[in-house]
Amino acid sequence: MSTITKALMAATISLTSMASTGAKAEPFNYHVDNFADIEVLRYQVPGFESLTPQQRLLIYYLTEAAIAGRDILWDQNSRYGLELRQLLEYIYTHYEGDRSSADFKAFETYLKQVWFGNGVYHHYSMDKFTPAFSRDFFMEQLAKVPVSVQGKHTAEIIRLIFDPEFLPKKVNQADGVDLILTSATNLYGDGVTQQEVEDYYNALKDTTDATPVSYGLNTRVVKENGRIVEQTYRLGGMYSDAIARIIDNLTKALDYAENDTQRQVIEKLISYYRSGDLKEFDDYSIAWVNDLASQVDFINGFIESYDDPLGMTGNWESIVNFKNIPASHRTEVISDNAQWFEDHSPVDARFRKEKVKGVSAKVITAAILAGDSYPATPIGINLPNANWIRAVHGSKSVTIENITEAYDAASHGNGFNEEFVPDTAICSLMDRYLFITDNLHTDLHECLGHGSGRLLPGVDPDALKAHGSTLEEARADLFALYYLADPKLIELGLLDNPDAYKAEYYKYMLNGLMTQLMRIEPGKDVEEAHMRNRKLIAEWALRAGAPKKVVELVKQNGKTYLVINDYEALRGLFGKLLAEIQRIKSEGDYEAGRRLVEEYAVKVDPELHREVLDRYSHLSIAPYKGFVNPVYTLVTDSEGQPVDVTISYEEDYPAQMLRYGRDYSPLTSK
Ligand code: ZN
């Protein structure tokens, strides 16, 4: 924990207020770092200064509890992750040779990638990073590292770095192989097979239980004396030292809770971290979803299970945030009018909900990103994950607007529009309205889209099987796209220009038809559900509108450009596809769903793909982005009591990573 005196704080405050009131304030510098396929940005925390000192202190201890769990994720990602990090950081900070040499530069890039992946695997592709420095260089540096820093697995770590065959993929999703044995993730111990784990959980599960716990959410599964055993993440169990530090900071946060409900939320979380009992996690989740009055909010725990090949164990993560009250007015208006939107949706009346309940949704400002949400982060969250809690108690949906704002600000002037959007009129619409229409699209998608419509009686909610998530995302996106162009949004005061929606329509079609292909390797299909959904919608609309030339791809000087000739007609097509996908879902028409996905969402035109990759290669736009956090500093009075917190944005990427590695590593042997 860092503290400064009050005098220093006064200096900081006057500087800040000068910056915000002075006419010649320096523009905020969003750009932090660039390496490999990554761009690191920083985000602002607008409104932090307007919170009360009590709220700022609450945020401070919650952010400390957030960073305290960082090592857990590193260990979940790879059994050698923490030792590897310690070794690489030692070499990086103690290197005495030429820091501009090719080997050292390559080593630095590798370390930056490892930091970004919270381990040796790419956060998105799950593939292992390939070092561009020589083995000789590394062995020479390794010889200078004291034995006490090296840890017990140096031989494995050398293999991990240099042998592409050794633990090559963090999470394997390929069909027909043992997903646990072929995944490098440390959520399972050596030699545990998929069959053994499935048998183990099937024996535990009671299919008649209406309120089942999330089995396996907070455990590592190992084999002991031939038996399958769960090692629970809890105080006194696995990751105890990190969890003790999380609990310590949550306990300090209790003193600054905004109200009793919030205090109970924090107490329930502490109690769950002590016991590891998943029933307590459900109690906590219910209390959390019911806390709608507090301005400060946070998640902290084992939450999303995308990185478990069987989708059970949660990766550790934390986000601390506070409600952006003026912007949340937007989601409240949408939520309050949920019934109007449902009643006027272009789907068959039989598939509409008679009584729709808008999801409680708000716009938030992130104060810290941690664990699995750092440095790469989501822009929206909808939790809790347990289906029965969502059905009985509801869920909270948020849009993280200071993160979307940073993405938007950092993208201005990157050459994208000049390359892909030749029409100056649409360019200026995008400059003016893309930020707000993008956010409105997310709001409509999350607050209304997913919750709209209903299944006919007797239809299995899982009837669409493997295509379910692509079709579900398409349904929510289409709901949002359709209403983005509705005069109702002007009437509700959410937009001030009837043409604003065109900015989002153009970007959406361009992304779905062309620009998102920059994330796909040549020769590969589109796999990820959100990317499939965008491709499905855009390709379908292109082809369905072809006879009337609603949308066209035209070639000019060897380059393909998107032209939208009739925005009104495009809206009509979105409505038509929404009606069809709602029918597919409501009737559980698997065959029609499969045909739509396979026909429009998967296959890539190799020629267009090559062109897009080539055009991107001339722009310096990283396919993936992430963030450094601001630095929070405790202010104490003359007795050493905390009285306030200040925020600063100066820290760069390696400095932050090294500081976290030094000051927040309870699981790393020192
Ligand atoms: Zn969604």
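Numbering of ligands and ligand atoms starts at 1, following listing order.
Applying the side-chain contact (heavy atoms from CB on, under 4.5 Å) test to I72 and every residue at least two apart in sequence or in another chain returns Q76, Y239, A242, I243, I246, F302, W316, L667. Partners of Y121 under the ring pair (Phe, Tyr, Trp, His ring centres under 6.0 Å) rule, at least two apart in sequence or in another chain, do not exist in this structure. The salt bridge (Lys or Arg N to Asp or Glu O under 4.0 Å) test applied to E198 returns no partner, not counting sequence neighbours.
Taking 4.5 Å as the limit, some side-chain heavy atom of L217 sits within range of a side-chain heavy atom of F281. Side-chain atoms of Y374 and N629, non-hydrogen and from C-beta on, do get closer than 4.5 Å to each other.
If you count the protein N, O or S atoms nearer to the Zn ion (ligand 1) than 2.8 Å, you get 3.
The environment of E527 atom CD is sparse: at most 12 non-hydrogen atoms of other residues, nucleotides or ligands sit within 6.0 angstrom.
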